[in-house]
Amino acid sequence: MPTADIIHLLPDSVANQIAAGEVIQRPASVVKELVENSVDAGATSIEIHIRDAGKTLIHVIDNGSGMSETDARMAFERHATSKISKADDLYTLHTMGFRGEALPSIAAVSEIEMRTMRHGEQLGTRLVISASAVQSQEALPCRPGTSLMVKNLFFNLPGRRRFLKKDPVELSHIVHEFERLSLVNLGLNLKFTHNGTVIHQFQAAPLSQRIGQLFGNTVERSLIPVQTETPLVKITGYVGAPSSARQRAHLQYFFVNGRNMKHPYFHKAVLNCFKDLISDKEQPNYFINFETDPSRIDVNVHPQKHEIKFEDEQVIWQVLTAAVREGLGRYNVGPAIDFEGGDVPEIPPMPQDNAEPRYNTPVDEDISAYNPFELKAPAGPPPESPRLFDPLKATSAKSSALNDGNWQKLYENFTARSSSLSFGDNAGSDATGEKAVSSSIFATPDDGDTLPFTPTGGERTEHPVIEALAVSDDFEGNLFQLSDRWIVTTSRSGLLLIDQHRAHVRILFDRILPTVADGSVAMQNLLFAESIEVTAANEAVMDAAQDMLRGLGFGLVHLDTCKWEITGMPADLGEADPRHTLLAIVADLAETGGDPESQRRCRIALSMARMAAIQPNRKLSADEMRQIVTDLFKVREPNYTPDGQPVCRQLTLDRIAQMFHR
């Protein structure tokens with residue numbers, strides 16, 4: 001007997017809650033969606049009022065076009081939008097929201113009261129919705145524009161609400177979202193308050209002034225203009241001077257056609273321009289806007305529309321690189337582009353209508369006789385090599401095997417031969433006893449070679465590197481430094497390479513963690529107090545974590561809004577920069593506000609250890625190297641840093657013998 005049908009349509013309320021899982025992740029997501037709707041409505045003035053980090057109330061008021069009674073009701077239906085009417089409109093977008101998911105998703109997980117009225121009318125509309133259900137709708141007089149209150153976010157989803165982090169952390173996310181919206185909407189008058197306290201309020205301003213309003217005069221003074229225009233894209237904005245680069249909490253923003261975006265490929269282009277100007281651990285500030293034809297980008301590739309796909313990414317990479325390098329060179333902080341030489345990036349022209357395609361198309365050829373395994377001798381005699389050692393001659397037997405067609409011989413005893421390429425007797429072994437193959441002398445760990453972050457610093461595990469260290473009791477005369485970065489020492493099994501920075505991080509972490517856990521970090525007073533200006537997002541975190549920061553050994557004085565003074569720093573940090581260390585810890589607190597206390601302590605201890613550890617490219621004396629190796633052997637897990645980065649690697653005697661064909 002056939003069973004009953006099992007496929008059915010979800011109720012709208014359930015479908016909206018599912019959509020809310022993608023669109024509304026936290027209170028900051030609500031702020032983003034509501035402000036973007038106000039921008040699309042043509043608002044010139046927007047007020048954002050937050051209570052309890054958005055958990056109790058998010059109130060957005062604008063002077064935009066407002067809505068009619070019918071539009072007010074339709075706005076909360078799924079896929080209802082005024083932005084597009086056909087699929088082709090997705091590729092010519094000049095607006096922010098367009099999929100019609102934001103308002104119904106917000107209404108599904110909160111209580112909403114909206115008042116809206118169009119300009120020139122006498123009556124507006126008041127609409128009350130709770131968990132997607134319309135409670136009431138009435139006509140009443142109100143100010144032109146829209147006022148939308150979102151109350152008790154996730155009240156009907158206690159599981160989602162329980163996963164929200166503490167108020168300072170959620171407020172920090174809201175402030176970051178406000179900063180992104182402020183940087184891209186320069187013509188707006190904006191006001192942002194939290195629990196009745198004004199955090200930001202400013203009028204329409206150019207980008208450089210808006211950056212100063214948000215992040216302080218220090219950041220504004222370090223800006224270097226970037227500007228170029230091609231038929232394909234127009235790039236404007238600023239990059240920070242190398243002196244303003246930071247290790248954490250860097251300010252990095254991309255915009256395209258008035259929209260915020262993240263783009264790792266273009267981020268790499270900017271980093272390459274600063275490659276020789278800042279250290280590997282620092283990140284530059286940048287605020288860069290792209291203007292291009294909307295038909296050449298796709299903004300519909302991410303649920304929150306954070307990521308955008310460009311049709312001409314490689315070409316824009318070249319334009320961006322040229323613009324940033326030219327800006328740095330003009331202000332004498334980087335090498336300028338030599339437009340007379342071969343230094344200029346090649347930027348192809350925009351294709352014209354009915355023009356030849358930019359890319360070559362394959363030509364049909366008869367490939368029936370092509371044999372990809374056929375080896376053909378090169379035309380003419382080979383060039384003479386000036387090298388003393390020619391690897392081609394050293395592998396003449398292999399070449400002969402190939403030429404004779406006996407290529408199968410190359411794979412005989414492959415497993416047996418490959419075992420000698422691993423590090424240590426057990427390195428890379430799997431469950432079957434076979435050992436991993438390394439194609440290089442020193443194995444480079446991949447993602448699978450790192451350990452997850454462990455709150456206790458990790459249990460000491462059996463590893464061939466530990467065994468090698470254990471037999472190296474006397475390091476006299478057996479230590480030297482390689483490239484001012486690695487410490488090399490001998491062991492019973494061969495040679496050990498130790499990353500000096502990571503080793504010191506491992507040592508300091510185990511030393512700092514117990515004092516962080518019990519709040520007994522000793523403070524060292526600074527001879528001269530250092531002032532620090534923080535962003536509004538960091539201000540919220542620091543204000544809530546003052547007692548904790550003082551327990552970590554920082555002497556702090558709150559001077560004014562976003563302005564602090566550091567009078568003391570943890571004694572264990574040595575010569576570390578107190579400002580950078582404090583900002584790194586505050587960034588960790590913002591990221592881990594809802595994590596267990598043990599994990600927060602570990603990340604704070606790790607930040608302090610990184611700041612205090614000796615850096616790469618520092619020359620060490622023999623005593624300093626000996627002390628690091630001795631202290632490293634005493635910790636519980638000398639092989640890895642607390643976040644799983646390898647500290648030691650071993651080059652075995654068998655591998656050395658193989659290198660010399662012994």
Side-chain angles (χ1 to χ4, degrees), residues 32 35-36 39-40 42 81 83-99 180-188 206-208 210-211 223-239 251-273 284-328 337 344-359:
K32 171 185 179 295
V35 172
E36 287 184 346
V39 172
D40 286 341
T81 177
K83 316 298 174 54
I84 61 175
S85 58
K86 56 184 184 298
D88 291 343
D89 293 342
L90 289 172
Y91 302 99
T92 57
L93 286 168
H94 292 276
T95 56
M96 299 298 105
F98 54 86
R99 290 190 296 225
R180 285 189 282 267
L181 294 167
S182 301
L183 289 170
V184 80
N185 297 292
L186 303 175
L188 292 179
L207 179 58
S208 60
R210 183 61 58 86
I211 293 172
L223 297 178
I224 297 174
V226 171
Q227 184 171 3
T228 189
E229 185 170 3
T230 70
L232 178 64
V233 64
K234 178 181 179 181
I235 297 178
T236 57
Y238 299 91
V239 295
L251 307 174
Q252 298 174 337
Y253 298 90
F254 281 133
F255 320 108
V256 57
N257 295 349
R259 184 188 300 273
N260 291 284
M261 72 166 181
K262 297 178 181 178
H263 206 291
Y265 189 57
F266 294 161
H267 170 74
K268 183 70 177 296
V270 177
L271 293 189
N272 284 346
C273 297
N285 298 332
Y286 58 76
F287 311 84
I288 299 177
N289 180 56
F290 301 82
E291 296 179 33
T292 187
D293 185 351
S295 64
R296 307 187 73 83
I297 61 175
D298 186 359
V299 301
N300 198 28
V301 297
H302 190 275
Q304 287 82 38
K305 300 187 282 288
H306 288 162
E307 299 177 7
I308 294 176
K309 185 173 181 60
F310 286 74
E311 182 179 341
D312 307 279
E313 287 185 346
Q314 295 184 358
V315 179
I316 296 177
W317 162 290
Q318 300 287 349
V319 177
L320 176 61
T321 300
V324 174
R325 290 179 58 190
E326 194 270 339
L328 293 173
I337 298 178
V344 185
E346 182 179 353
I347 303 172
M350 280 284 291
Q352 303 296 327
D353 294 339
N354 301 323
E356 293 295 328
R358 289 175 296 163
Y359 307 103

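We number each residue from 1, following the sequence as shown. Because only heavy atoms are used, hydrogens play no part in the values below, and waters and symmetry mates are left out as well, while side chains stay in.
Shown here are the side-chain hydrogen bond (donor to acceptor under 3.5 Å, both in side chains) partners of Glu313, two or more places apart in sequence or in another chain: His263. Shown here are the ring-ring contact (aromatic ring centres under 6.0 Å, His included) partners of Phe255, two or more places apart in sequence or in another chain: there are none. For the ring-ring contact (aromatic ring centres under 6.0 Å, His included) test, no residue two or more places apart in sequence or in another chain qualifies with Tyr238.
Distance check, rounded to the nearest 0.5 Å: CD1 of Ile211 to CG of Asn285 gives 9.0 Å. To the nearest 0.5 Å, atoms CG (Asn272) and CZ (Arg325) are separated by 10.0 Å. Residue Asn289 holds its CG atom at 10.5 Å from CG of Leu183, rounded to the nearest 0.5 Å.
When all heavy atoms of Leu328 and Cys273 are compared, the pair lying nearest together is CD1-O, 3.8 Å. The shortest heavy-atom contact between Ile297 and Ile308 is CB-CG2, 4.0 Å. Phe254 and His267 make their closest contact through CE1-N, 3.5 Å (heavy atoms, listed as atom of the first residue, atom of the second, distance). When all heavy atoms are compared, the tightest approach of Leu186 to Leu207 is CD1-N, 3.7 Å. The two residues Leu181 and Asn260 make their nearest non-hydrogen contact at N-ND2, 4.1 Å. Pairing each heavy atom of Glu291 with each of Asn257, the nearest pair is CA-OD1, 3.3 Å.
When ring centroids are compared, Phe266 and Phe310 come within the 6.0 Å threshold.
With a 4.5 Å cut-off on side-chain heavy atoms, Tyr286 and Val226 do not count as touching. Residues Arg296 and Leu232 have side chains in contact (heavy-atom distance under 4.5 Å, counting atoms from C-beta outward).
Checked against Phe290 for a side-chain contact (heavy atoms from CB on, under 4.5 Å), the options Arg259, Met261, Lys234 give a single hit: Met261.
Side-chain atoms of Thr228 do not come within 3.5 Å of backbone N or O of Leu320 as any donor-acceptor pair.
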